[in-house]
Amino acid sequence: MIRREIQSILKSHLMELGYEYDFVVEIPEEQFGDFSTNIALAGAKYFKKPPREIAKYFVEKFSDRPMFKEVTIAGPGFINFKVSNEFYRDFLIKFMQDPRSIWNFKKRENVLLEYGSANPTGPLTIGHGRQVVIGDVLGNVLRYIGYDVTKEMYLNDAGRQIKLLAKSVWARYNQILGFDEPIPEDGYKGKYVINIAKRVISDHNDRYFKIWNEDVERVFKEYALVEITNMFNSTLEKIGAQFDNVFKESSLIEDGTIREVLTILEQKDLIYEQDGAIWFRTSRFVNDNDKVLIKNDGSYTYFLTDIAYHYRKYKRGFFTAIDIFGSDHHGHLPRMYAAMKALGIPEDFLIFVLHQFVTLKRGNEVVKMSTRAGEFVTLDELIDEVGSDAARYFFAMVDVNTHLNFDLELAKSKTDENPVFYVQYAHARISSLFENAQAKGINFTLLDSIELLESESEMRLIKLISLFDEILEKVAERLSPHYLTDYLEKVASAFHKYYAENKIVDVENVPLSNARLNLAYAVKSVLSEGLTLVGINAPQRM
RNA sequence: GCGGCUGUAGCUCAAUAGGACAGAGCAUCGGACUUCUAAUCCGAGGGUUGUGGGUUCGAGUCCCGCCAGCCGCGCCA
């Protein structure tokens, strides 16, 4: 917020001089001040003057602004700004009066966020967990700062995999009934398959014993789908992921979108037949081979239905579609961009977020996750073991592009090794301050005595609070939630330090107590908002 | 072989679209509870940013080569 203000002041001065070039206003190491800019360094080649001389010009422009305590030139030509205490206190007052208006988030476009999309063929994995949390947190943040967000999960209920699952269930069904039907090659071997088979038995007895045809397949598919969807829902609920919508792949076939897309591509001469299959001319748009849309057995590839899905997203009127995928899908990107181009959809409509994988560790030991053998640790088991708060925090806390090492022992530990507790503890600690104040008969009054706040550590806390909006903007811009958890840890740390050094509730000095409680109240408020956005509890007690 | 991501302190990670002496947490070592929650705080040590070049006032960041790890290169999704 303050940064933006400095930026725009600088920019207007620059334009007065008839120049326009890129410069940054950043938050430097504390010793240099609150904010700093490289405008003089970046401008050297335009002004054709030494940076320090240019800096001097800008510094003078700031000399009469009460917002700053100090504006100085340093090093090769950086300009450092030290914000005045009055300004910080003013900010705090405005924040306490109405945080939403001080952030001034404007209304923005509608966005379709797709994530957690999975083959409904088995329990959600740890990998899905990371994706779901990234998507959920990004969705929360985007919505918070003004986007009209729809969180959507795509259910691949029409492909080969779901057929394989149906067949696997049927095999188990026969096995239970006494016939040794083998599970198909590449079929599903997990325990849940047996559970689904048992359900069919309890409803239909041996009606489909040794009988396999399209009608039977449909029945088993339906049972599998219902069962797996229930499993998904219960896991998603456990981890607090809320979707606005579930979009079924099969609906694209039913409502004619697939046909529509094929027609458009055909009219543009972008598809052709070869070896009994229908191909899309991917190579015309990107550096990739042509891809099959319809297999020679007449069934659709995932690529085709995904094109149709995104065509549908566009037709539904979304300004942007953000897809969150595991990094193993990166080969899917070029062909999707090609398809969007082919359909005349604007290039920036589709944005991909690819997240790296998760390695599960127990201390130093890597926990093996083998999908084939059905031995993987499911997301469900993970949540049961470490709890939803820790699971969410851990999934959100590193850059999406960084391989995540998820240490089960660390996530479970209730000590200072665990960042989740560190942040939550700060919140709980503040809550207890208010109880304590009340017990000691100090009447906390909102906005009272704020002028008594003046120490460095108090200003540092207010400054951190003032950065809340730009952190959220950054999460949205870079599409990675870890900036938020990072910020929360900084706020928590600054508060713990402040708490250790200052007596906040002091019956000997009620006005000062009130001032400090106001500050604590504001800190608690950003912690609580932030934790809520990450989707974890902001406890009153721990 | 081709393509994507990654490589930073013993470990896990940051580094704000090229900026100041590369920062946190954990671990290690040393301190702080008769005082609002010690799930906390303070201090110390710890680095040739995988490697070799290049671009420039300035590179962990950009370009080229090499090495290592993960992933992808299906009429799977």
Side-chain angles (χ1 to χ4, degrees), chain A residues 3 22 24-29 31-32 36 38 41-42 44-45 50-51 74-78 80 117-119 121 156 159-162 164 186 249 274-279 287-289 291-297 299-303 305-306 326-334 354-357 359 361 364 397-399 401-405 407 410 413-422 424-426 428-437 439-440 467 470-471 474 477-478 482-483 486 489-490 492-493 495-507 513 516 541-542:
Chain A
R3 188 212 295 254
D22 287 338
V24 293
V25 175
E26 51 185 6
I27 296 166
E29 276 178 57
Q31 49 163 325
F32 295 120
S36 88
N38 68 345
L41 289 163
K45 59 183 163 187
F78 290 99
N80 294 328
S117 299
N119 270 322
T121 52
N156 302 107
R160 191 178 98 91
Q161 298 303 324
I162 182 81
L164 253 176
D186 296 334
E249 182 184 13
Q274 189 183 307
D275 304 329
I278 303 293
W279 298 68
N287 183 21
D288 200 355
N289 300 327
K291 300 290 172 194
V292 170
L293 298 179
I294 304 178
K295 304 175 218 172
N296 62 15
D297 68 357
S299 62
Y300 303 144
T301 60
Y302 163 73
F303 181 38
T305 53
D306 210 32
S327 63
D328 55 337
H329 277 62
H330 78 258
H332 191 54
L333 272 54
L354 295 186
H355 64 89
Q356 295 296 314
F357 280 34
T359 304
K361 285 189 174 166
N364 278 329
M397 76 179 174
V398 300
D399 191 316
N401 252 330
T402 299
H403 188 102
L404 175 62
N405 279 301
D407 186 337
L410 179 60
S413 79
K414 292 189 158 64
T415 69
D416 51 3
E417 297 167 37
N418 191 338
V420 188
F421 286 93
Y422 185 81
Q424 290 183 319
Y425 183 54
R429 226 178 192 182
I430 296 172
S431 303
S432 86
L433 281 176
F434 286 94
E435 285 178 25
N436 188 262
K440 288 185 177 160
L467 297 177
E470 74 174 62
I471 293 298
K474 193 163 169 183
E477 204 179 293
R478 307 287 180 88
H482 76 283
Y483 298 104
D486 207 63
E489 283 169 47
K490 277 190 190 137
S493 164
F495 183 78
H496 283 311
K497 188 180 165 70
Y498 180 65
Y499 177 93
E501 288 170 357
N502 298 280
K503 192 161 177 68
I504 294 172
V505 177
D506 183 1
V507 283
S513 299
R516 289 176 168 173
R541 283 165 186 279
M542 287 175 74

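Below, each value reflects all heavy atoms present in this structure, side chains not excepted, and no hydrogens, waters or symmetry copies. As the structure is a prediction and not an experimental result, all values here were calculated from the model. Below, read A as the first sequence line, B as the second, and so on, with proteins coming before strands; counting in each chain starts at 1.
Nucleic acid contact class of A428(A) (heavy atoms, under 4.0 Å, all strands): base. P28(A) comes within contact range of at least one nucleobase, with a heavy-atom separation under 4.0 Å. Nucleic acid contact class of N38(A) (heavy atoms, under 4.0 Å, all strands): base. Base engagement by D275(A) is indicated by at least one non-hydrogen atom pair under 4.0 Å involving a base atom. If you check every strand for non-hydrogen atoms under 4.0 Å, K503(A) touches a base. When heavy atoms are screened at a 4.0 angstrom cut-off, Q31(A) is found touching base atoms of the nucleic acid. Within the nucleic acid shown, N405(A) comes within 4.0 Å of sugar-phosphate atoms alone, with no base atom in reach, counting heavy atoms only.
Among the nucleotides C5(B), C76(B), U37(B), the one closest to any side-chain atom of R541(A) is U37(B). The side chain of N436(A) lies closest to U37(B) when the candidates are C76(B), A14(B), U37(B). Counting only heavy atoms from C-beta on, E501(A) has its side chain closest to C42(B) among C75(B), A15(B), C42(B).
A close approach under 4.0 Å does not occur between any side-chain nitrogen or oxygen of T402(A) and OP1 or OP2 of C13(B). Here R160(A) does not reach the OP1 or OP2 of C75(B): none of its side-chain N or O atoms lies under 4.0 Å away. Note on K291(A): every side-chain N or O is 4.0 Å or more away from OP1 and OP2 of A77(B). A sub-4.0 Å separation between OP1 or OP2 of C11(B) and a side-chain N or O of K361(A) is absent. Contact annotation: Y499(A) side-chain N/O to C33(B) OP1/OP2 distance is not under 4.0 Å. OP1 and OP2 of C41(B) both lie 4.0 Å or more from every side-chain N or O belonging to Y498(A).
G19(B) has no base stacking with the ring of F78(A) when judged by centroids under 5.5 angstrom apart and an interplanar angle below 30°.
Contact of the Y300(A) side chain with the L293(A) side chain is not registered, since no non-hydrogen atoms from C-beta on lie closer than 4.5 Å.
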For this session: Test side-chain contact (heavy atoms from CB on, under 4.5 Å) on I27(A) and E470(A) and set out the steps.
Result: CA-CA 12 Å; I27(A) 296 166; E470(A) 74 174 62; 4.2 Å; yes
For this session: Give the C-alpha distance, both sets of side-chain angles, the deciding distance and a yes or no for side-chain contact (heavy atoms from CB on, under 4.5 Å) between Q356(A) and N401(A).
Result: CA-CA 5 Å; Q356(A) 295 296 314; N401(A) 252 330; 3.9 Å; yes
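U56(B) and U61(B) have their C1' atoms separated by 14 Å, given to the nearest Å. For U49(B) and A9(B), the C1' atoms lie 10 Å apart once the distance is rounded to whole Å. Taking the P atom of each, G72(B) and C26(B) are spaced 36 Å apart, rounded to whole Å. Nucleotides G18(B) and U12(B) place their C1' atoms 27 Å apart, quoted to the nearest Å. Rounded to whole Å, the separation between the P atoms of U40(B) and G25(B) comes to 11 Å.
The base of U40(B) has none of its N or O atoms less than 3.5 Å from a complementary donor or acceptor on the side chain of R429(A). The base of G3(B) is paired with the side chain of H330(A) by a donor and an acceptor separated by under 3.5 Å. Remark: the D328(A) side chain and the A77(B) base include no donor-acceptor N/O pair separated by less than 3.5 Å.
Regarding the sugar-base torsion, C21(B) falls in the syn class, its angle being within 90° of 0. In C63(B) the base sits anti relative to the sugar, since the glycosidic angle is further than 90° from 0.
Counting only N and O atoms by type, the side chains of E249(A) and T305(A) include a donor and acceptor under 3.5 Å apart.
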Exercise. If you write RNA chain B from 5' to 3' in dot-bracket form, with Watson-Crick or G-U pairs under 3.5 Å, [ ] for crossing pairs and | for pairs with another strand, what do you get?
Worked result: (((((((..((((.....[...)))).(((((.......))))).....(((((..]....))))))))))))....
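Nearest-nucleotide assignment on RNA chain B puts the 5′-proximal partner with D399(A), out of H332(A) and D399(A). Checking A74(A) against E29(A), the closest nucleotide of RNA chain B that is more toward the 5' end is the one next to A74(A).
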